[in-house]
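Chain letters run A, B, ... following the sequence lines, proteins first, then strands; residues in each count from 1.
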Amino acid sequence: MSFLDMDDRLLDLAARMDLVYSPLMDVKTFPEHVDITLVEGAVANQDHLRQIATIRERTDILVAFGDCAVTGNVTALRNPLNTAGVVLRRAYGDDEAGSPGRPPRPGGTADVPALLDKVRTIRSCVRVDVYLPGCPPPADVIVDVLSDLIAGKVDGLHNRSRLG
Amino acid sequence: MTAPDAHREPTTTLAPTAGPTTAGRPADNRFKILDATIKRHRRQPDALLEVLHTAQELFGYLDRETLTYVGRALRVPPSRVYGVATFYNFFSLKPKGAHSCVVCLGTACYVKGADRILAAVQQAYHVPPHGTTPDGQLSLATARCIGACGLAPAAVFDGDIAGRMTPAAAVARIAPWMPHDQ
Amino acid sequence: MSVRTLTINGQPVSATEEQTILDVAREHGIDIPTLCHFDGLSEHAGCRLCLVEIAGSPKLHAACVTPAAEGIEVTTHSDRVTAYRRQIVELLLAERNHVCSVCVANRNCELQDLAVAMNLHHVRYEPQDPQLALDASHPRFIMDPNRCVLCTRCVRVCDEIEGAHTWDVMARGRRAMIVSDLNQPWGESPSCTGCGKCVRVCPTGALFEKGATTTVRDPDFLTYLKTAREQKLWIR
Amino acid sequence: MTSDDLDTVRARERAAFAAAPCRLAVCTAAGCLSSGAGAVRDALERTAADGADSPGLRIIGTGCLGLCHAGPLLRVFRAGAPDVTYAHATPDLAAAVVRQLPDGRLPDERQLPAMHPFFAHQHPVVLENAGRIDCERIEDYVAAGGYAALQQAMTEMKPDDVIREVVASGLRGRGGAGYPTGLKWSTVAKARGAGKFVVCNADEGDPGAFMDRSVLEGDPHRVIEGMAIAGFAVGAEQGYIYVRGEYPLAVSRLRVAIRQAERMDLLGQRILDTPFSFRIDVRIGAGAFVCGEETALIASIEGKRGAPRPRPPYPASFGLWGRPTLINNVETYANIPPIIRSGGAAYARLGTERSKGTKVFALAGAIVNTGLIEVPMGTSLRQIIFDIGGGIPDGRSFKAAQTGGPSGGCIPASHLDLPVDYEALAGIGSIMGSGGLIVMDDRSCMVDVARFFMEFCRDESCGKCIPCRAGTVQMHTLLMRMTTGVAAERDLTLLEQLADMVTRTSLCGLGQTAANPVVSTLRHFRDEYMAHILEHRCPAGVCRMPRAPERAS
């Protein structure tokens with residue numbers, strides 16, 4: 001949403017870059033030779049883990065975008081529960097009123113990727129070039145950082161937004 | 001253990017406003033002994049550690065009533081009593097087992113494989129470190145060095161130091177304490 | 001009262017006998033970061049954020065407890081101490097579950113402010129993810145140990161100003177926790193007067209009012225209370 | 001009792017000693033007791049009582065003879081004959097010794113060689129009475145010259161004279177930091193204010209150290225005498241001994257000794273009929289390593305959580321209950337009587353330029369002769385480990401010596417010829433510490449050793465200051481990553497940065513030294529770290545790495 005808050009500035013940026021991959025685009029595989037990738041969210045399952053490795057491999061500058069990517073944030077609230085099994089039982093098991101639940105197996109299935117025991121930050125999985133914390137990062141900061149990155153400036157970027 | 005004497009209240013002269021309840025505890029001489037210690041220290045708050053030591057010797061552990069009692073007698077706030085009782089490893093807020101095994105994890109014992117002794121006892125009797133078996137027979141604990149480094153690895157069984165321990169010897173030493181089906 | 005002269009970051013300053021380096025620095029608008037210090041309470045000297053360098057001394061000195069001695073040359077923001085401070089804040093962020101976005105103190109939190117002031121954009125240490133239960137048993141307040149930094153301001157204000165000594169620290173090291181009375185639910189604490197001072201001094205979102213959408217920051221309120229009590233002057 | 005009365009007691013006891021041509025000393029330190037010394041002593045006494053033909057035989061329970069691994073130890077003293085020491089003594093052997101004594105032909109089995117190198121290379125000062133006196137009889141201590149130093153101080157010296165001798169001795173604190181004892185004493189003596197205190201730190205918390213325990217168990221009066229002299233010198237009337245809760249035998253022997261000393265007017269009101277009064281109370285620790293730090297120890301004696309506070313003010317000016325307080329450790333006080341008896345200058349002839357006197361070490365780990373030794377400062381590690389300690393058992397090779405416990409470091413073979421004193425050890429990244437010396441052979445992994453000590457510090461951190469509380473947790477996490485084979489090179493960078501930060505910013509000595517084992521193993525055994533990180537391999541074969549990525553092989 002914060003991304004869209006950039007309003008008309010988004011159009012300026014769009015003129016200076018090609019958007020090659022996004023959850024909103026109908027592209028199945030992550031393209032090769034990407035200059036800049038903004039990664040939102042943390043790594044919660046095996047699928048994410050594979051994805052982030054691919055992204056890292058094919059990206060020049062990887063930006064951990066937003067608190068979830070940087071710290072785990074809300075997605076990592078489950079981490080004190082320690083294991084995927086406990087998390088799934090908590091979410092899908094018998095509820096407090098006593099109605100029975102059917103927790104899925106932590107190991108995943110052919111369609112559902114296995115949940116990691118702990119939600120991991122991007123940094124704990126791959127090298128991160130730029131950190132852009134914030135929940136969400138303010139639109140102004142996104143414009144600034146993206147403009148600089150497109151202009152080839154990398155240093156001193158992470159100092160522009162804050163945790164939370 | 002002395003027979004419970006239901007009619008005699010423990011001495012509450014030191015905390016007349018609200019004496020602690022003694023439910024579930026034999027009203028024996030132990031509170032008198034505790035009171036004597038408290039009196040010897042003239043109810044000084046500084047004596048908290050000494051009094052807690054005595055209380056633990058008497059009761060085996062420190063329950064809420066005892067902590068409340070000691071706090072009132074020494075005029076120390078409950079949170080401070082609790083803070084002190086939980087700061088030091090020696091004080092236990094839970095009842096201990098009938099028998100105790102303390103495995104020394106000091107450096108000399110570590111170098112000589114004390115971790116294997118601990119693991120063997122844990123496994124043989126299904127007892128967590130710093131825990132007690134469900135039947136209350138055995139409490140397992142670890143120590144930060146009992147100063148018997150010359151005899152490493154060492155363990156303490158019901159207060160007796162045993163040196164040059166092996167995992168098997170430790171398990172065997174405990175066996176007579178435990179019910180036979182284990 | 002003898003006056004002392006010293007320099008802070010090369011700037012000559014004068015100090016009275018009772019003043020600490022922190023007092024003098026603040027008086028002159030030099031911002032030394034702190035977390036456990038709170039005006040009106042005794043010093044804890046535990047957060048180590050206010051460590052400064054004194055020329056000729058190999059050790060670092062906690063500004064909150066070091067007297068502003070005659071002739072010393074204090075440096076408050078050397079590269080070395082700045083780096084250490086940053087590590088300390090990182091350690092705190094990894095120690096408990098500090099999730100700013102869902103915290104009542106978000107944008108009103110001293111820990112978060114420190115991180116922001118240091119341009120701390122990520123934490124390099126492994127989050128410890130402790131499992132800590134929130135205590136909402138008090139009719140008016142909530143204690144969330146997930147946000148606690150163990151600064152002991154609550155313990156000290158309850159003991160030194162209110163006189164109830166409801167709070168204290170239990171256990172030690174990484175297992176240390178703030179507890180009320182015999183580690184019982186706050187709402188059942190016989191000693192708590194419900195005065196709310198602990199809530200007002202909490203630097204983070206560990207202690208807050210029920211139903212509140214943000215926390216109150218009032219760094220001067222103890223000084224106000226103490227002056228009122230001791231001098232019968234209500235200075236705002 | 002006056003000083004003259006004490007002389008009379010001493011003369012009487014010495015006469016009785018001389019009249020007993022034969023003494024049988026059983027080591028009754030905790031180590032030998034756990035190996036069955038009690039039964040040996042019973043057998044000696046039973047057999048002696050049975051046989052009427054053993055006049056002049058005395059059986060004593062004595063302090064630590066040192067060679068703990070060979071316990072129970074039994075030593076035979078006979079007038080006009082060399083001492084004989086038995087290792088692994090049994091009740092049967094004990095009975096045989098008593099029966100054969102009148103013939104002068106002692107059993108040969110289990111006899112240690114006459115000049116066993118373990119004893120031959122030592123120089124006992126603190127442990128001079130070990131084996132010679134019964135640790136529960138004050139008369140034995142008096143006969144061995146005990147309390148003569150106190151007499152001398154009280155009758156012939158002024159407090160300033162006492163301090164001058166301590167300064168001249170060059171004695172430095174034996175608790176680890178090596179602060180000059182004389183300087184400390186004169187600071188407390190000069191401090192203004194009534195109601196000063198003398199505290200003995202017997203919270204020997206370093207794992208692998210049991211020197212203080214042995215002194216307290218074997219020669220408790222020596223510590224009491226040292227404290228009383230200190231009280232006289234600094235102007236204190238009350239002393240406390242803070243003993244680890246893990247040492248029940250030391251506590252009970254101390255309590256016995258204090259009662260005995262009180263009965264003979266060596267403690268209490270008007271000592272030896274002089275105006276000086278001095279009481280000693282025992283305080284028992286409750287299992288917290290941090291209480292070895294002096295401000296935490298003070299908090300603990302005051303009945304509080306053992307959390308340190310910032311210094312200054314130092315205890316010498318603001319200590320127990322805000323009063324000027326002298327805090328020294330057991331071995332430091334135990335050195336005082338000989339210093340006063342023979343003079344500081346004589347004491348200063350022992351040792352090295354800046355480290356005077358002797359040092360007691362507890363030898364443990366991968367070494368043949370485990371136990372307690374006392375050598376002059378400046379003795380080399382090689383002499384200690386190989387000559388006295390008998391080298392490494394099982395045909396293994398020496399890898400490192402760990403001194404100073406969790407605050408110390410690991411010394412590699414390349415420094416074996418280093419003369420052991422405060423400066424030399426500090427120079428190679430370790431510390432003297434209280435005297436624990438753990439030997440490690442090639443089966444020890446130095447990364448795992450660092451992890452072991454970090455776990456110790458993490459669990460013993462009081463939690464008051466953030467660097468120590470949270471820094472030790474993170475350093476331990478990083479070391480765990482290394483020992484389980486999942487670490488990367490950046491983890492090593494983080495570890496080194498944290499080690500520096502925790503050292504520089506922690507509130508007290510525990511935190512300030514917590515990283516020492518890491519720093520010293522990194523300094524001397526960096527290749528082992530790199531093997532764990534780059535190759536996911538533990539050269540010593542200690543660390544199991546099931547989660548490790550594919551080995552680079």
* To do: Please test B:L151 against D:T370 for side chain to side chain contact (heavy atoms under 4.5 Å, CB included), starting from the C-alpha separation and ending with a verdict.
  => CA-CA 8 Å; B:L151 304 168; D:T370 58; over 6 Å; no
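- The shortest side-chain heavy-atom distance between B:D46 and D:W321 falls under the 4.5 Å cut-off.
- Between chain D and the options B:P45, B:C149, B:A154, the largest number of non-hydrogen pairs under 4.5 Å is found for B:C149.
- Of the atoms belonging to D:E460, it is side-chain heavy atoms, and not backbone ones, that fall under 4.5 Å from chain B.
- In terms of heavy-atom pairs under 4.5 angstrom with chain B, the leader among D:G208, D:A286, D:A364, D:G303 is D:A286.
- Heavy atoms of D:R244 lying under 4.5 Å from chain B belong exclusively to its side chain.
- To the nearest 0.5 Å, atoms OG (D:S300) and OH (B:Y88) are separated by 3.0 Å.
- With a 6.0 Å radius and a threshold of 12 heavy atoms from other residues, nucleotides or ligands, B:R116 has its CZ atom at or below the threshold.
- For D:V542, no part lies under 4.5 angstrom from a heavy atom of chain B.
- The part of B:L105 that comes within reach of chain D is its backbone (N, CA, C, O), which places non-hydrogen atoms under 4.5 angstrom from that chain.
- Residue contact with chain B, scored on non-hydrogen atoms closer than 4.5 Å, involves the backbone of D:A209 exclusively.
- The distance from atom OG1 of B:T107 to atom CD of D:Q402, rounded to the nearest 0.5 Å, is 6.0 Å.
- Side-chain N or O atoms of D:S34 include none that pairs as donor or acceptor with a backbone N or O of B:A162 at under 3.5 Å.
- Both the backbone and the side chain of D:I284 come within contact range of chain B, each with at least one heavy atom under 4.5 Å from a heavy atom of that chain.
- Of the listed residues B:K112, B:R164, B:H53, the one with more heavy-atom pairs under 4.5 angstrom with chain D than any other is B:H53.
- Using a 4.5 Å cut-off between heavy atoms, D:N369 makes no contact with chain B at all.
- With hydrogens and angles ignored, the 3.5 Å screen pairs no side-chain donor or acceptor of D:K304 with any backbone N or O of B:V84.
- A salt bridge links D:D459 with B:R144; the closest basic N to acidic carboxylate O contact falls under 4.0 Å.
- Looking only at heavy-atom pairs under 4.5 Å with chain D, the residue among B:G83, B:A152, B:A47 that has the most is B:G83.
- Interface summary for chain B: among D:G371, D:G245, D:G405, the most heavy-atom pairs under 4.5 angstrom belong to D:G245.
- Dense packing is recorded around CZ of B:R75, with more than 12 heavy atoms of other residues, nucleotides or ligands lying under 6.0 Å away.
- Contacts between D:R305 and chain B at a heavy-atom distance below 4.5 Å involve backbone atoms as well as side-chain atoms.
- Proximity to chain B (any heavy atom under 4.5 Å) is restricted, for D:I301, to the backbone atoms N, CA, C and O.
- When heavy atoms are compared at a cutoff of 4.5 Å, D:A307 approaches chain B solely by way of its backbone atoms N, CA, C and O.
- Of all heavy-atom pairs spanning B:I161 and D:A30, the tightest one is CD1-CB, 4.1 Å.
- If you run ring-ring contact (aromatic ring centres under 6.0 Å, His included) between B:Y110 and each of D:F452, D:F456, D:F453, only D:F452 comes through.
- Heavy atoms closer than 4.5 Å to chain B are found in both the backbone and the side chain of D:C462.
- A distance of 10.0 Å separates CG in B:D160 from CG in D:L33, rounded to the nearest 0.5 Å.
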